[in-house]
Amino acid sequence: MEAIYSTKSFNRILPLLFRVFFSLPSSRYNENQPKPHSLHLPRGSFDCVLPDPSNIFSPHLLSSPLPTNSFFQNFTLNNGDQPEYIHPYLIKSSNSSLSLSYPSRKVSSSEISQVFNADLTITSQQASSGKHVISSYSDLSVTLDIPSRNLSFFLVRGSPYLTFSATKPSLLSITTIHSLVSFSSNDSLTKFTMKFHNGQTWLLYASSPINFSTIHSGKTLPQITSNGFSGTIRIALLPESDSKLETVLDKFSLCYPVSGKAVFREPFCVEYHWETNGVGDLLMLAHPLHLQLLCNEDSHVTVLDDFKYKSIDGGLVGVVASNSWVLKADPVFVTWHSSKGIPKAKARDEIMSALRKDVDYLNSSSITTNESYFYGKLIARAARLALIAEEVCCLDVIPEVRLYLKETIVPWLEGTFYGNGFLYDNKWGGIMTEQGSSNNANVDHGFGVYNDHHYNLGYFIYGIAVLTKLDPAWGMNYKAQAYSLVQDYMNLGTNSNLNYTRLRCFDPYLLHSWAGGLTVFRDGRSQQNTSEAVNAYYSAALLGLVYGDANLVTLGSTLTALEILGAKMWWHVEEGGDMYEKEFGEGNRIVGVLWSNKRDSRLWFTSAERRECRLGIHVLPLLPISEVLFSNVEYVKQLVDWTLPALNRHDVCDGWKGFIYALEGIYDNECALRKIKRLKDFDDGNSLTNLLWWVHSRGD
Ligand SMILES: *[C@@H]1O[C@H](CO)[C@@H](O)[C@H](O)[C@H]1NC(C)=O
Ligand SMILES: *[C@@H]1O[C@H](CO)[C@@H](O)[C@H](O)[C@H]1NC(C)=O
Ligand SMILES: *[C@@H]1O[C@H](CO)[C@@H](O)[C@H](O)[C@H]1NC(C)=O
Ligand SMILES: *[C@@H]1O[C@H](CO)[C@@H](O)[C@H](O)[C@H]1NC(C)=O
Ligand SMILES: *[C@@H]1O[C@H](CO)[C@@H](O)[C@H](O)[C@H]1NC(C)=O
Ligand SMILES: *[C@@H]1O[C@H](CO)[C@@H](O)[C@H](O)[C@H]1NC(C)=O
Ligand SMILES: *[C@@H]1O[C@H](CO)[C@@H](O)[C@H](O)[C@H]1NC(C)=O
Ligand SMILES: *[C@@H]1O[C@H](CO)[C@@H](O)[C@H](O)[C@H]1NC(C)=O
């Protein structure tokens, strides 16, 4: 697991640079298109570590940028035969079949994970061979076709039914790893009930009558086969043997979703619009954050409180609507400075004296890293100094910071930075770093396989936004580059942007981001650093402010608000909360790495015992927006109390301590201040100035 963050040697870079700059443009590159002024990302196809999208995406999808951190990412890697979590089921497909699992959970004090079991495997008995393909995808769905079997699966997130269509008369076959207790149908041969020995009951609905027969032959798995059938089949687990739940599933079996879009029309609001077939209302499942945000005053949606499925993301509850939901979050105001300011002159003086030292140090020290993550952190750290200077009215240091920002940012935007730089990958459609484009997926924190784009680029965007605020003319000069960087991880895929996939990291169903890109990990995609994800969207909103771009401000602010809600819902573990099982919840006040199928107390880079890191990684970078992320003072206190004992170890770095004291400062300002003043060292993205600014701007 640590492998991805080991900083390996870069001695391959030079030959690679040659390859990259001189590689032939792929079909996506049109020589005749005018190149916008001052925008010159070298393009290429970086075959080394990136999977080949044509293995799984159907050809007509290949000409647009492709999603890289998506909810169906496993389908796009290697043979595309690993499971994905399409709530409430884990779905695994192979060349010729698709398996469905209603996952069980394994719980310990250090992790929770979901377990895949092929409860049902669906195929049809055609002799021909071939492989499965993704024929379309949307924010809330992916359609997986098995052309050789004439089967098409509409995998829509949050549908209690798995829906597929047999496009030609097919002999369907359903197998299970369990033993079959009973299999029965109703009189019209359109509804079937399967009971398994493990206690599960599954219901199957057919759009027209179908004859099934069952084969139990000794040692082989039970098999249910049909006569020739074409039409639509829906299969749902009956979550409890309760006739009321069965009535609900019967009633809504007639309307099925085939795709779904998340629409960001108004600030702090997401609308889901599903495209449906059939008749009647649409039954879907909502997770706890959906329920918190769902607007049902207008009675267009009905929440079925008793209709529940299990999920690692919390209980899923049935919601009936015609074909859309509206989710509304409280507004979050993105600001450059703290909300309360620093009224006390003595506090301002204290910050100023630290500020002068930190600014002096900026120019006397040289940057030794060329990794985009660490470099971006240094840029953002310096940018903080300029904004703090504004807040405490110490304007004379600003020119020095401005100069530093220019000198550090421009080489990356001009493509003249030695040792790294931004490129454009034609294969999947997105920004890539020179280091990342090597044949080692671990280099540059996996940037080349689309890991962490929002973290790394978010830091750059923060620096660019601040520099543009200080020097608008500079900002106008580099606007095109700034937009490329931000659009790589945050754009809505309108016609004006043909280069980057829509919302690369943000997951419109779960309402938080994924950092993991195109790599197979033991537990699927993940996100660890929630506060860096918040920074990415917050910085995007700041960029919108500085360029007077209302759309960018709105989308950045909306995703900031949602990412914060997601972090509070799934990573912040309050005492006595009911998101996770007691066994895990009691000893963990924060989730380390959150995986699609797992909650881990460990971090990518260290063990669960190092609680100072677990806290710190969810706080950095410390910004005005951190106020909103840690607005629940009761929880903050629980988290700090849980972390403090870890500081008795001898190997705790001052850098991490700074973040604990910052949170302590929310409820015990003086104590935190005393501790902060004793620190000798700070995280590479943090500074004494920033900590003093934070503590002194908490208000009374
Ligand atoms: C799936 O299909 C591909 C392409 O036809 C083939 O290379 C691969 O071996 C198949 N996989 C299995 C498990 O049959
Ligand atoms: C059904 O599958 C067969 C065998 O692969 C194929 O020849 C045929 O075109 C398919 N029909 C449809 C409607 O997809
Ligand atoms: C089901 O099988 C029975 C007996 O073979 C047959 O009479 C009936 O027509 C079949 N129904 C369908 C829908 O295929
Ligand atoms: C069988 O079940 C389906 C789905 O609930 C229903 O539409 C149909 O009316 C039922 N047929 C009979 C004869 O009860
Ligand atoms: C990038 O930084 C590393 C670590 O300082 C150094 O070893 C390497 O030579 C640098 N690469 C280039 C091309 O400057
Ligand atoms: C983005 O797309 C436009 C239009 O296709 C193109 O002119 C431009 O060079 C692209 N930008 C980047 C960064 O590749
Ligand atoms: C994706 O595949 C990996 C590797 O098999 C697996 O461990 C992980 O659980 C899968 N992700 C999901 C969401 O099932
Ligand atoms: C999160 O933060 C750590 C420590 O700062 C860093 O090494 C890592 O690259 C970041 N991203 C992930 C996914 O851990």
Side-chain angles (χ1 to χ4, degrees), residues 1 51-52 54-56 69-106 111-118 121 123 128-133 142 144-149 155 157 161 184-193 203-210 212 231-236 238 243 245-256 278-280 283 311-313 507 509-510 514 516-527 593-600:
M1 230 163 81
D52 182 358
S54 67
N55 276 344
I56 182 82
N69 302 50
S70 70
F71 69 94
F72 57 88
Q73 172 195 300
N74 263 2
F75 296 166
T76 70
L77 302 172
N78 299 337
N79 299 323
D81 57 1
Q82 292 305 302
E84 262 307 350
Y85 192 26
I86 317 276
H87 298 66
Y89 304 116
L90 289 176
I91 307 279
K92 185 172 149 89
S93 71
S94 72
N95 284 350
S96 57
S97 68
L98 182 137
S99 302
L100 179 66
S101 167
Y102 182 56
S104 54
R105 277 207 293 278
K106 267 197 346 217
E111 58 182 59
I112 306 175
S113 56
Q114 294 195 135
V115 182
F116 177 91
N117 268 319
T121 296
T123 185
S128 60
S129 64
K131 61 189 179 70
H132 57 303
V133 294
V142 56
L144 204 69
D145 290 349
I146 305 184
S148 65
R149 307 289 155 136
L155 307 176
R157 311 175 76 188
Y161 313 85
S184 57
S185 77
N186 74 357
D187 289 344
S188 55
L189 296 177
T190 53
K191 179 186 170 189
F192 298 80
T193 306
L203 305 173
L204 183 151
Y205 301 91
S207 59
S208 59
I210 176 170
F212 273 115
T232 308
I233 302 272
R234 307 194 78 191
I235 299 180
L238 183 62
S243 63
L245 302 185
E246 184 161 350
T247 312
V248 171
L249 284 167
D250 287 353
K251 178 168 174 198
F252 297 104
S253 64
L254 299 175
C255 171
Y256 66 92
V279 293
L283 170 67
S311 145
I312 195 166
D313 299 302
D507 181 324
Y509 178 77
L510 279 169
W514 296 111
L518 296 169
T519 24
V520 180
F521 287 121
R522 207 183 40 203
D523 298 291
R525 52 186 184 284
S526 69
Q527 175 158 276
V593 184
L594 182 141
W595 304 84
S596 39
N597 256 339
K598 184 175 175 185
R599 299 300 119 104
D600 212 329

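Only this structure's heavy atoms are used, side chains among them; waters, hydrogens and symmetry mates stay out. Read the numbers this way: they start at 1 and go in the same order the structure lists the ligands and their atoms.
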If you count the atoms of ligand 7 from 1 in the order shown, which ones are under 4.0 Å from a heavy atom of [X]?
X	value
S596	13 (C)
N74	1 (C), 2 (O), 3 (C), 8 (C), 10 (C), 11 (N), 12 (C)
Q82	2 (O), 4 (C), 5 (O)

Which protein non-hydrogen atom lies closest to [atom], naming both residue and atom, and how far is it?
atom	answer
atom 9 (O) of ligand 4	S188 OG, 4.5 Å
atom 1 (C) of ligand 4	N186 ND2, 1.3 Å
atom 7 (O) of ligand 4	T190 OG1, 4.6 Å

### Task
Please state whether the rings of Y205 and Y161 are parallel, tilted or perpendicular, taking 30° and 60° as the class boundaries.
perpendicular
### Query
Any protein heavy atom under 4.0 Å from atom 5 (O) of ligand 4?
yes
### Task
Look only at interatomic distance and state if Y85 has a nitrogen or oxygen under 3.5 Å from any nitrogen or oxygen of ligand 7.
no
If I compare all heavy atoms of [X] with all of [Y], which pair ends up nearest, and what's the gap?
X	Y	value
I312	S596	CG2-O, 3.8 Å
S97	T123	CB-CB, 3.8 Å
K92	Q82	CG-C, 4.2 Å

### Summary
Counting from 1 in the order shown, the ligand 1 atoms closer than 4.0 Å to a non-hydrogen atom of K131 are 2 (O), 4 (C)
### Message
Tell me if the aromatic rings of F212 and F192 count as close, with their centers under 6.0 Å from one another.
### Response
yes
### Task
State whether Y256 and R234 meet the cation-pi test: NZ (Lys) or CZ (Arg) under 6.0 Å from the six-membered ring centroid, and within 45° of the perpendicular axis.
no
### Query
Between N95 and ligand 1, does any nitrogen or oxygen pair lie at a separation below 3.5 Å?
yes
### Summary
So for P83 against ligand 7, with non-hydrogen atoms under 4.0 Å, the contacting part is both
#### Entry: Test side-chain contact (heavy atoms from CB on, under 4.5 Å) applied to L594 and R599, step by step
CA-CA 5 Å; L594 182 141; R599 299 300 119 104; 3.4 Å; yes
### Message
Quick test of your reading of the model: are D507 and R525 salt-bridged, counting only N-O distances below 4.0 Å?
### Response
no
### Query
Hey, which atoms in ligand 4 end up nearer than 4.0 Å to a heavy atom of D250?
5 (O)
